[in-house]
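Throughout, protein chains are lettered first and strands after them, A, B, ... in sequence-line order, and every chain is numbered starting at 1.
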Number of protein chains: 2
Amino acid sequence: MDNATRSERSRNAALEAAIAIIARDGPGRLTLDAIARESGLSKGGVMHQFRTKEAVLKALLERQMAHFEEFSTRTMAKVSASSASPNLATQLATIREAATSPNSAALALVAAMVENPRLMALPREREMKRMAAIRAEAADPDLAMLRWAGAMGLLLSSLFGMSPLSNDEHQRLFARLLDDAQWSGLEQPATRTIKPAAKSSTPSTAKAATSGKRA
Amino acid sequence: MDNATRSERSRNAALEAAIAIIARDGPGRLTLDAIARESGLSKGGVMHQFRTKEAVLKALLERQMAHFEEFSTRTMAKVSASSASPNLATQLATIREAATSPNSAALALVAAMVENPRLMALPREREMKRMAAIRAEAADPDLAMLRWAGAMGLLLSSLFGMSPLSNDEHQRLFARLLDDAQWSGLEQPATRTIKPAAKSSTPSTAKAATSGKRA
DNA sequence: TCTATAAAACCGACCAGACGGTTTGTAAAG
DNA sequence: CTTTACAAACCGTCTGGTCGGTTTTATAGA
């Protein structure tokens with residue numbers, strides 16, 4: 001086998017193993033020995049590909065970021081024509097993807113933060129650029145940021161295992177966050193433009209239905 | 001000194017030290033030796049008060065929960081008369097408090113999750129009760145949950161050191177989340193009652209239903 | 001009130017295992 | 001034959017937890 005691809009395979013196996021460990025045992029259990037065990041490689045092999053544990057975390061982080069970067073650009077291409085605020089739409093869709101993705105990608109973030117909080121600088125920087133784009137295109141920038149924050153809240157709270165919402169609710173809420181039409185009613189660049197709206201006597205309380213657990 | 005208060009002081013010192021360590025060095029650096037060093041107690045002393053490390057985490061969690069519980073009831077008493085949705089208002093204010101509080105309380109959550117994810121069951125349970133109350137009192141339950149999620153997103157993202165927002169924006173967004181008047185424009189119990197509004201050139205997209213699974 | 005004794009709080013040395021990382025050796029690729 | 005990919009034993013440090021002993025408080029009888 002080619003040398004380069006041999007390395008590639010090993011690096012891949014190690015990172016895959018790292019994700020599996022984090023998802024299964026929690027970020028606190030991610031150790032080099034565990035990675036070696038899980039990936040089938042020897043510890044020496046792992047250390048040959050990554051000189052330190054921090055290098056593993058960094059690679060993991062960059063890998064996940066690349067994954068969502070790609071998802072992001074793909075989504076962007078789809079919605080850029082149909083949506084008035086394509087950056088927001090893309091970002092929301094990406095966050096939803098992160099929340100529903102089985103290989104809990106964002107757990108890499110948690111692991112990185114535990115080990116070395118300053119690794120968080122990379123994602124934050126990228127996030128700020130995106131946020132700027134969202135703000136720039138929005139008729140009501142604050143509302144756009146709040147929609148972003150809402151998606152983030154859904155993602156992170158479920159990631160922490162402390163989301164009180166069922167799967168259905170989760171999906172429904174994401175859908176509503178994404179639906180521009182639902183929010184155009186209260187855009188307010190600076191001034192108040194409240195519609196009295198219909199108070200609607202006794203609103204159904206929604207069907208509840210929720211018996212679900214975690215999300 | 002009285003025996004009971006002596007214990008109380010020691011327990012307190014240990015927990016205080018734990019918070020300081022987490023906030024300063026990150027959750028990964030929280031060790032029993034570190035707690036002993038930081039608190040001035042000996043390791044034996046710490047171990048006398050908490051039989052295991054998990055016991056420390058648990059106590060820490062319960063302590064923070066009690067703190068916000070108290071803040072919560074206090075806030076509830078204040079707003080219950082003035083607000084149409086006091087539970088939501090209280091919850092939002094409490095989350096803002098957690099985000100603003102200097103001794104980043106919620107870091108205890110992160111530490112707990114790293115060490116033992118199932119400790120998260122306690123806070124989640126309590127959160128579910130609160131969520132039920134919020135849903136029950138809301139004219140538009142989903143919107144209420146989205147407001148909650150927005151606050152959560154602001155809190156958690158800044159907690160993770162990955163918030164792209166400035167302090168001012170943070171405060172402003174929380175204020176807007178709290179202001180009922182800003183949201184009454186788009187309440188929609190179950191039926192669509194959308195006002196044509198200004199922009200919305202192209203209708204949503206809202207495809208929903210992706211391949212999602214847990215989160 | 002003084003004293004003997006139990007009980008609780010506290011200390012610090014110690015332990016086995018896990019940790020991140022290094023070193024030495026070997027087989028395959030170039 | 002040199003370089004690269006990997007294996008495996010190994011090292012010093014740190015970790016959560018134990019243990020025997022010391023000091024401080026509580027209890028009780030005289």
Can you give me every donor-acceptor pair (side chain of residues 3-10 of chain B, partner residue at least two apart or in another chain, under 3.5 Å) with its distance?
| from | atom 1 | to | atom 2 | distance (Å) |
| --- | --- | --- | --- | --- |
| Thr5(B) | OG1 | Asp2(B) | O | 2.9 |
| Ser7(B) | OG | Gln49(B) | NE2 | 3.3 |
| Ser10(B) | OG | Arg6(B) | O | 3.4 |

Could you list the donor-acceptor pairs under 3.5 angstrom formed between side-chain atoms of residues 27-38 of chain B and any protein atom two or more places apart in sequence or on another chain?
| from | atom 1 | to | atom 2 | distance (Å) |
| --- | --- | --- | --- | --- |
| Thr31(B) | OG1 | Ala34(B) | N | 3.0 |
| Asp33(B) | OD1 | Lys43(B) | NZ | 3.3 |
| Glu38(B) | OE1 | Arg24(B) | NH2 | 2.6 |
| Glu38(B) | OE2 | Arg24(B) | NH2 | 2.9 |

For residues 84-91 of chain B, run the donor-acceptor check on the side chains, cut-off 3.5 Å, and write out each pair with its distance to 0.1 Å, sequence neighbours left out.
| from | atom 1 | to | atom 2 | distance (Å) |
| --- | --- | --- | --- | --- |
| Asn87(B) | ND2 | Glu137(B) | OE1 | 2.9 |
| Thr90(B) | OG1 | Pro86(B) | O | 2.8 |
| Gln91(B) | NE2 | Glu127(B) | OE2 | 3.1 |

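Scanning for side-chain hydrogen bond (donor to acceptor under 3.5 Å, both in side chains) contacts around Arg126(B) gives Glu69(B), with sequence neighbours left out. With sequence neighbours left out, the side-chain hydrogen bond (donor to acceptor under 3.5 Å, both in side chains) criterion links Thr52(B) to no other residue. Take Arg118(B) and apply the side chain to side chain contact (heavy atoms under 4.5 Å, CB included) test, not counting sequence neighbours, and it matches Glu54(B), Asn116(B). Shown here are the side chain to side chain contact (heavy atoms under 4.5 Å, CB included) partners of Glu115(B), two or more places apart in sequence or in another chain: Lys53(B), Leu57(B).
When the P atom of dT23(D) is taken as reference, atom CG of Leu41(B) falls 18 Å away, rounded to whole Å. Rounded to whole Å, the distance from CD on Gln49(A) to C1' on dA7(D) is 13 Å.
The nearest pair of heavy atoms linking Gly161(A) to Met120(B) is O-CG, 4.0 Å.
Checking dA8(C), dA26(D), dC6(D) against the side-chain heavy atoms of His48(B) singles out dA8(C) as nearest.
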For each nucleotide in nucleotides 13-25 of chain C, reading 5' to 3', give B when a protein heavy atom comes within less than 4.0 Å of its base, S when such contact involves only the sugar-phosphate, and - otherwise.
------SBBB---

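Contacts between residues 3-12 of chain A and DNA chain D, defined by a heavy-atom separation below 4.0 Å, involve Asn3(A), Arg6(A), Ser7(A), Ser10(A), listed by number.
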